[in-house]
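Down below is the structure, laid out as structure tokens.
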Amino acid sequence: MIFDSHAHYDDEAFNEDREKVINGLKDKQVIGVLNCGSTLEGARMSVELSSKYDFIYSAVGVHPEYADIVNQETIDELKSLANNLKVRAIGEIGLDYYHEENPHRDTQMAAFRLQMELAQELKLPVVIHDRDAHKDTLDILKEFPQVIGTVHCFSGSVEFARECLKLGYYIGFTGVITFKNAKKTSEVAKVVPMDRILVETDCPYMAPEPNRGKRNQSDYIKYIIEKIAEVKCKTIEEIEDATTFNIKHLLKINK
Ligand code: NI
């Protein structure tokens with residue numbers, strides 16, 4: 001059984017066959033999906049998807065790439081979307097210093113802080129996007145000690161993972177862990193305790209081997225689980241059980 005802790009089924013890559021893909025997931029051991037918005041439009045659509053499908057939950061937030069649209073009005077809309085019972089997190093939010101064309105770092109940090117404040121106010125966990133911004137991300141997480149969540153598509157070092165774990169965060173692994181050049185990610189998976197590990201697609205991106213380069217979907221997580229089982233010397237079942245339990249616990253899903 002698989003619970004995808006980070007997906008984007010609102011993405012245009014699914015426009016042609018969204019219903020078919022989502023309806024097919026249940027026959028492929030997928031028992032839950034957290035769909036994460038990246039824009040306001042994505043957040044709205046995420047809420048729509050989670051209203052339509054019982055096994056889909058949603059996170060609402062604005063990705064750092066679009067940080068320049070975040071103002072009080074944006075926060076108010078996210079807050080009203082979060083009234084929906086299937087909204088279980090704020091995300092994805094964070095910092096992305098990788099792409100030069102992204103908004104200025106100060107703009108990204110301001111948008112990140114506003115959304116962390118919202119999560120704190122609503123007592124919701126957060127879905128963190130951090131790319132090439134480990135230090136600033138960590139500093140901001142530390143400003144909100146009551147908030148926890150997941151550091152999605154974890155790309156940091158073992159030391160950085162330990163810092164995030166200390167703050168109570170979960171660590172999310174994508175298909176990257178199955179790539180040949182992903183030694184660092186495997187090292188991280190080795191040290192993350194079983195009660196803090198999550199699996200995710202980040203679909204339509206990041207498809208694991210042997211489907212690397214294709215459009216990703218939640219059942220492909222089986223390859224990620226296989227790889228984590230291997231590096232942690234656990235059974236596939238143990239990794240499935242732990243990752244499912246962890247995300248349900250984080251999102252307060254009782255069924
Ligand atoms: Ni994502």
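Start at 1 and go down the list; that is how both ligands and their atoms are numbered.
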Do you know which N/O/S atom name in Asp202 is closest to the Ni ion (ligand 1)?
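Going by distance to the Ni ion (ligand 1), the closest N, O or S atom in Asp202 is OD1.
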Heteroatom of Glu92 nearest to the Ni ion (ligand 1) (N, O or S, atom name):
OE2
Salt-bridge contact [X]-[Y] (side-chain N to carboxylate O under 4.0 Å):
| X | Y | value |
| --- | --- | --- |
| Glu19 | Lys52 | yes |
| Lys234 | Asp241 | no |
| Lys232 | Glu238 | no |

At less than 2.8 Å, would any N/O/S atom of His8, backbone or side chain, sit next to the Ni ion (ligand 1)?
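His8 does place an N, O or S atom closer than 2.8 Å to the Ni ion (ligand 1).
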His6 near the Ni ion (ligand 1) via N/O/S, less than 2.8 Å
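Yes, His6 qualifies, because one of its backbone or side-chain N, O or S atoms lies under 2.8 Å.
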Test the Arg88-Tyr57 pair against the cation-pi criterion, namely NZ or CZ under 6.0 angstrom from the six-membered ring centroid and within 45° of the ring axis.
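No; the conditions do not both hold, so Arg88 does not lie above the ring face of Tyr57.
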